[in-house]
J.: 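To start, I am sharing the structure in question, which I have written as structure tokens.
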Amino acid sequence: MSNNYDVLIIGSGPGGYVTAIRAAQLGLKTAIVEREHLGGICLNWGCIPTKALLRSAEIMDHANHAKSYGLTLEGKMTADVKDVVARSRGVSARLNGGVGYLMKKNKIDVIWGEAKLTKPGEIVVGASSKPAVQPQNPVPKGVKGEGTYTAKHIIVATGARPRALPGIEPDGKLIWTYFEAMKPDFMPKSLVVMGSGAIGIEFASFYRSMGVDVTVVEVMSQVMPVEDAEISAIARKALEKRGLKILTEAKVAKVEKGSNSITAHVETKDGKVQQITADRLISAVGVVGNIENLGLEALGVKTDRGCIVIDGYGKTNVPGLYAIGDVAGPPMLAHKAEHEGVVCIEKIAGLPNVHAMDKGKIPGCTYCNPQVASVGLTEAKAKAEGRDIRVGRFSFGANGKAIALGEDNGLIKTIFDKKTGELIGAHMVGAEVTELIQGFVVAMNLETTEEDLMHTIFPHPTLSEMMKESVLDAYGRVLNA
Ligand SMILES: Cc1cc2nc3c(=O)[nH]c(=O)nc-3n(C[C@H](O)[C@H](O)[C@H](O)COP(=O)(O)OP(=O)(O)OC[C@H]3O[C@@H](n4cnc5c(N)ncnc54)[C@H](O)[C@@H]3O)c2cc1C
């Protein structure tokens, strides 16, 4: 087997493995290097296993409200933490195996080990410095191991890892990252969650549903700081109603460790310090790109704030070297990684009309209860850009399907450019909004105006009808409110 390829991809997360498949479809001889787990963080420790945990949480929440649906549950619903975690790990393992199958099906060589760039067009794969943290599915046949490999094009897709704050470094015991939070061997009674981005809030929501006393500490003025302020405020109220304690404009200044607990010293805006003792603290203060030990410095690859600098097609400043996904900067989302990879490889293959990555149209979803989803400009950002806007709103409380589901708390907000009528932002909070948002993503991609949306027929009774009503509201034509 030759060690020379058209394309070598370092990292098999959603960025790397999807790029490899597209490369193979385009007739390029392709190999992927992976040091730990096929599917990367997303399939093994991120998107997928959290959604499995949150599904258990959702069922728990429904069971706790069974009475309001006219149903009686004999006895109390309880969670067996081992089984909840086992289900989540099983879901990951199934998908991890699926990536192995896809590599084989597309005749992509999998090279096990840790890659380092040695010179332009060459990598050396050595033993992994990261032992696999969960048993792998059978390694696909025909894979290669340590050695020197060459390629015309090398794509770095090495992902990211948890950011650590000085003095509050995760220790895997009392201070958890998402790795420990994903597979607890016991259910804590109380938790402090530091950071209220998507990862922090999803874990806070999950543990709260499991009956844990959770306090979220967020340094910014709102939870989920990237979201529209109005949506964030509704989500916060709903989370607090579920018993979550939330402190904003507050930071964990230090942590004292006990034998089996932590005490977080939380500084609030008014300068007061509050001590919160809990069983564990989850550090969810963001992620940093895996740029170390890759040989980037020797090749003179430009980096910025822990990420590789690229253009809209994944090109770095070094010819023949590309980067995609989390390691190439925010937003650090799986679908961004995948799309960035496809754009990159199609450009490499010389396809005509490849569109550069447009970061303004990447949706973001948070799967807490209630869910939050968005695409495009928030109201504040649109105003800061000096845009003249029209804003539409429609509440879940006025939608038949939402009421029938018993999910009548939420809002769909749309933002239009007043001059052109173009949809420039959509923001949602409530049941199933992570499934609804894609309608507006398609609309924005097609540069849809309010008129196109008003001419579109939405099925009844659905939650999606609220999307149309929100558009109608922006133009003073709302029907059901
Ligand atoms: C708890 C959690 C929940 C999340 N939920 C969501 C969600 O719901 N939706 C969403 O879109 N995103 C979510 N994310 C983010 C998502 O997981 C990432 O954006 C995504 O995994 C990035 O893909 P990637 O391909 O860039 O990198 P990764 O998935 O991180 O994969 C990189 C791979 O490269 C390998 N690697 C690194 N260095 C080397 C080397 N030198 N040699 C060989 N291999 C190497 C790593 O082992 C890894 O497998 C979540 C993340 C977390 C932590």
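Numbering of ligands and ligand atoms starts at 1, following listing order. We number each residue from 1, following the sequence as shown.
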J.: Using modelled atom types only, decide if a donor and an acceptor are shared between the side chain of Arg280 and the backbone of Lys173 within a distance under 3.5 Å.
T.: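 Pair found, side chain donor or acceptor close to backbone of Lys173.
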J.: Considering the heavy atoms of Val33, write down every atom of ligand 1 situated less than 4.0 Å from one of them.
T.: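 What qualifies from ligand 1 is 43 (C), 44 (N).
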J.: I'd like to know if the side chain of Ser470 reaches the main chain of Ile412, judged simply by a donor and an acceptor atom lying under 3.5 Å from each other, with no hydrogens or angles considered.
T.: yes
J.: One residue to check: Tyr367. Relative to ligand 1, which of side chain, backbone, both or neither has a non-hydrogen atom less than 4.0 Å away?
T.: side chain
J.: Heavy atoms only: which of Pro162, Cys365, Gly11, Ala334 lies closest to atom 10 (C) of ligand 1?
T.: Ala334
J.: So between Thr19, Ile324, Asn290, Asp326, whose heavy atom ends up nearest atom 18 (C) of ligand 1?
T.: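 Among Thr19, Ile324, Asn290, Asp326, the closest heavy atom to atom 18 (C) of ligand 1 belongs to Asp326.
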J.: Is Tyr17 near ligand 1, meaning one of its heavy atoms is under 4.0 Å from it?
T.: no
J.: Tell me yes or no: between the side chains of Thr434 and Gln371, is some donor less than 3.5 Å from an acceptor?
T.: yes
J.: Quiz question: by atom type and distance under 3.5 Å, do the side chains of Ser261 and Asp279 form a donor-acceptor pair?
T.: no
J.: Drop me the distance from Phe206's CZ to Ser56's OG, to the nearest 0.5 angstrom.
T.: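 Result: 6.5 Å between the selected atoms.
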J.: Does Glu202 pair with Lys51 as a salt bridge, N-O distance under 4.0 Å?
T.: yes
J.: For atom 20 (C) of ligand 1, state which one of Pro14, Gly13, Ala337 supplies the nearest heavy atom.
T.: Pro14
J.: With atom 14 (N) of ligand 1 as the reference point, say which of Pro49, Ala323, Cys47, Gly126 has the nearest heavy atom.
T.: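 Checking each option, the heavy atom nearest atom 14 (N) of ligand 1 is found in Cys47.
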J.: Please write down residue, atom name and distance for the protein heavy atom closest to atom 44 (N) of ligand 1.
T.: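 Result for atom 44 (N) of ligand 1: Arg35 N, 3.3 Å.
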J.: Determine, using heavy atoms of Ala328 and all atoms of ligand 1, whether some pair is separated by less than 4.0 Å.
T.: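 Not so, Ala328 does not reach ligand 1.
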J.: Kindly assign one of parallel, tilted or perpendicular to the pair Tyr149 and Tyr5, based on the angle between their ring planes and the thresholds 30° and 60°.
T.: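 Answer is tilted, since the angle falls between 30° and 60°.
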J.: Taking only heavy atoms of Gly325 into account, list the atoms of ligand 1 that are under 4.0 Å away from them.
T.: 26 (O)
J.: Given Pro330, Ala160, Cys42, which one has a non-hydrogen atom that is nearest to atom 21 (O) of ligand 1?
T.: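 That would be Cys42.
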J.: Give me the nearest non-hydrogen protein atom to atom 15 (C) of ligand 1 as residue plus atom name, then the distance to 0.1 Å.
T.: Met332 O, 3.6 Å
J.: So Phe179 and Trp45, would you call those rings parallel, tilted or perpendicular, with 30° and 60° as cut-offs?
T.: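 Plane angle over 60°, so perpendicular.
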J.: Please work out, at 4.0 Å between heavy atoms, whether the side chain, the backbone, both, or neither of Ile10 comes within that distance of ligand 1.
T.: side chain
J.: Can you list the ligand 1 atoms lying under 4.0 Å from a non-hydrogen atom of Leu294?
T.: 41 (N)
J.: Show the numbers, then the answer: is there a salt bridge (charged side-chain N to carboxylate O under 4.0 Å, His left out) between Asp228 and Lys413?
T.: CA-CA 9 Å; Asp228 185 273; Lys413 176 170 174 177; 2.9 Å; yes
J.: Run the contact test for Lys336 against ligand 1 with a 4.0 Å cut-off on heavy atoms, strictly below, and give the result.
T.: no
J.: Among Arg236, Lys237, Arg242, which residue meets the salt bridge (charged side-chain N to carboxylate O under 4.0 Å, His left out) test with Glu240?
T.: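 So, applying the salt bridge (charged side-chain N to carboxylate O under 4.0 Å, His left out) to Glu240 and each of Arg236, Lys237, Arg242, only Arg236 qualifies.
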